[in-house]
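As the structure is a prediction and not an experimental result, all values here were calculated from the model. To find a chain, count down the sequence lines: A is the first, B the second, and so on, and within it residues start at 1.
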Number of protein chains: 2
Amino acid sequence: MTSKQEFIEKLRNSRLRPTKQRINICEVLFNRYKTFHFTINDLFNLIKDKTGEKVSLATVYNTVHAFHKKGYLKEIPINSNQTYFDTNVTDHHHFFDVKEEKLIDLKNEDVGPIEIQKSIPGKKIKSVEVLVKLED
Amino acid sequence: MTSKQEFIEKLRNSRLRPTKQRINICEVLFNRYKTFHFTINDLFNLIKDKTGEKVSLATVYNTVHAFHKKGYLKEIPINSNQTYFDTNVTDHHHFFDVKEEKLIDLKNEDVGPIEIQKSIPGKKIKSVEVLVKLED
DNA sequence: TTCGTTGTTTATAATTATTCTAAAGAAGAT
DNA sequence: ATCTTCTTTAGAATAATTATAAACAACGAA
């Protein structure tokens, strides 16, 4: 459980003004025990449900992008009509249940080390992500 | 080099009527030595350039989806505003050059075996794909 | 070959996620 | 307080994709 005050500090430290909207979004995103996978739309609806206050869709987009840029959210590479984000920004992988359209975390240990044996001159590796699609 | 006749047969065998448009699309997609990564828009423009004949955008969508369903194309899981497809439907992985927005193949041997140590009851693994993002 | 059926193409409209815009409002600094 | 800068917001704009429905083309049977 993170207090509102801690979110305010975190925002200030990131040079993001601690507005009511951003704090609400923090509560929804980061006051959780488990990692959270979501789309902008999921989040938009959850904010209303969980905080009772409405935040405009544009602000949800703005804030998610700001948090992503600051490294507080991770974008999950998956083909879907909507973009998925993850509150778990550590290096890890995913199952994607194609039927249910649901993401499940895979710990790094669940996948084991991945050795990339090829390199491209002038480029370095930024991330290595595994997506395991599941079917029935 | 695959002949037009071979494409016609392949289409018939898949219970897809061999129309002029589909044959043109086959020529652009499959008459290649190297694997081909593309977006619908790439393909739409290439058809005009390479065959001199125009195919409507709707048909490009229809055909790509039909080919994907038949397993002749693979969708590459990547977050982009456009969906990427691959003519290489074998099990393999990708580099994605974030700056240039370009995909590069990674052979299975370049990545090595990936052991998924976790399982979800009632679900089986459909595919395992690695995306390696590259930066400068 | 002709005809009826069914599948396909097409222009265009509709949908949907996302981004842009510009004005009003709130936070921070002086 | 006041001024500046950042943020929020509704709504418009954009862009990829999907749906629609009419014209057309391929197929199979007679």
Original post:
Under the side chain to side chain donor-acceptor pair (under 3.5 Å) rule, what pairs show up with a residue in residues 6-15 of chain A, not counting sequence neighbours?
Top reply: A:Ser3-A:Glu6, A:Ser14-A:Tyr72
**OP:** Each residue besides B:Val89 in its hydrophobic cluster should be listed here, by chain and number; the cluster joins Ile, Leu, Val, Met, Phe, Trp and Tyr at side-chain heavy-atom distances under 4.5 Å.
**Re:** none
Tell me which donor-acceptor pairs under 3.5 Å the side chains of residues 125-136 of chain B have, and how far apart each pair is, sequence neighbours excluded?
unit_1	atom_1	unit_2	atom_2	d
B:Asp136	OD1	A:Lys123	NZ	2.7
B:Asp136	OD2	B:Lys99	NZ	2.9

**OP:** Only counting residues at least two apart or in another chain, list the ones meeting side-chain contact (heavy atoms from CB on, under 4.5 Å) with A:Glu53.
**Re:** A:Lys20, A:Asn24, A:Thr51
Subject >> Sub-4.0 Å heavy-atom contacts from residues 35-55 of chain B onto DNA chain C, ordered by number >> reply: B:Lys54, B:Val55
**OP:** Work out how much the helix from C:dT1-D:dA30 to C:dT30-D:dA1 bends between its end axes, five pairs an end, to the nearest 10 degrees.
**Re:** 30°
Original post:
Does a side-chain N or O from A:Thr83 land closer than 4.0 Å to OP1 or OP2 of C:dA17, or not?
Top reply: no
Filtered N/O pairs between nucleotides 2-4 of chain C and protein, under 3.5 Å:
none

Original post:
Would you say B:Arg22 reaches C:dT9's phosphate, i.e. side-chain N/O to OP1/OP2 under 4.0 Å?
Top reply: yes
Subject >> Sequence-distant partners of B:Thr83, side-chain hydrogen bond (donor to acceptor under 3.5 Å, both in side chains), two or more places apart >> reply: none
**OP:** Sort and list the pairs that fulfil side chain to side chain donor-acceptor pair (under 3.5 Å) and have at least one residue in residues 57-70 of chain B, not counting sequence neighbours.
**Re:** B:Ser56-B:Thr59
Subject >> All side-chain hydrogen bond (donor to acceptor under 3.5 Å, both in side chains) counterparts of B:His94, not counting sequence neighbours >> reply: B:His37, B:Asp86, B:His92, B:Asp105
**OP:** List in numerical order all residues of residues 59-69 of chain B for which some heavy atom is under 4.0 Å away from an atom belonging to DNA chain D.
**Re:** B:Tyr61, B:His65
Below 3.5 Å is the cut-off: list the nitrogen or oxygen pairs between protein and nucleotides 27-30 of chain D, distance only.
unit_1	atom_1	unit_2	atom_2	d
D:dC27	OP1	B:Arg12	NE	3.0
D:dC27	OP1	B:Arg12	NH2	3.3

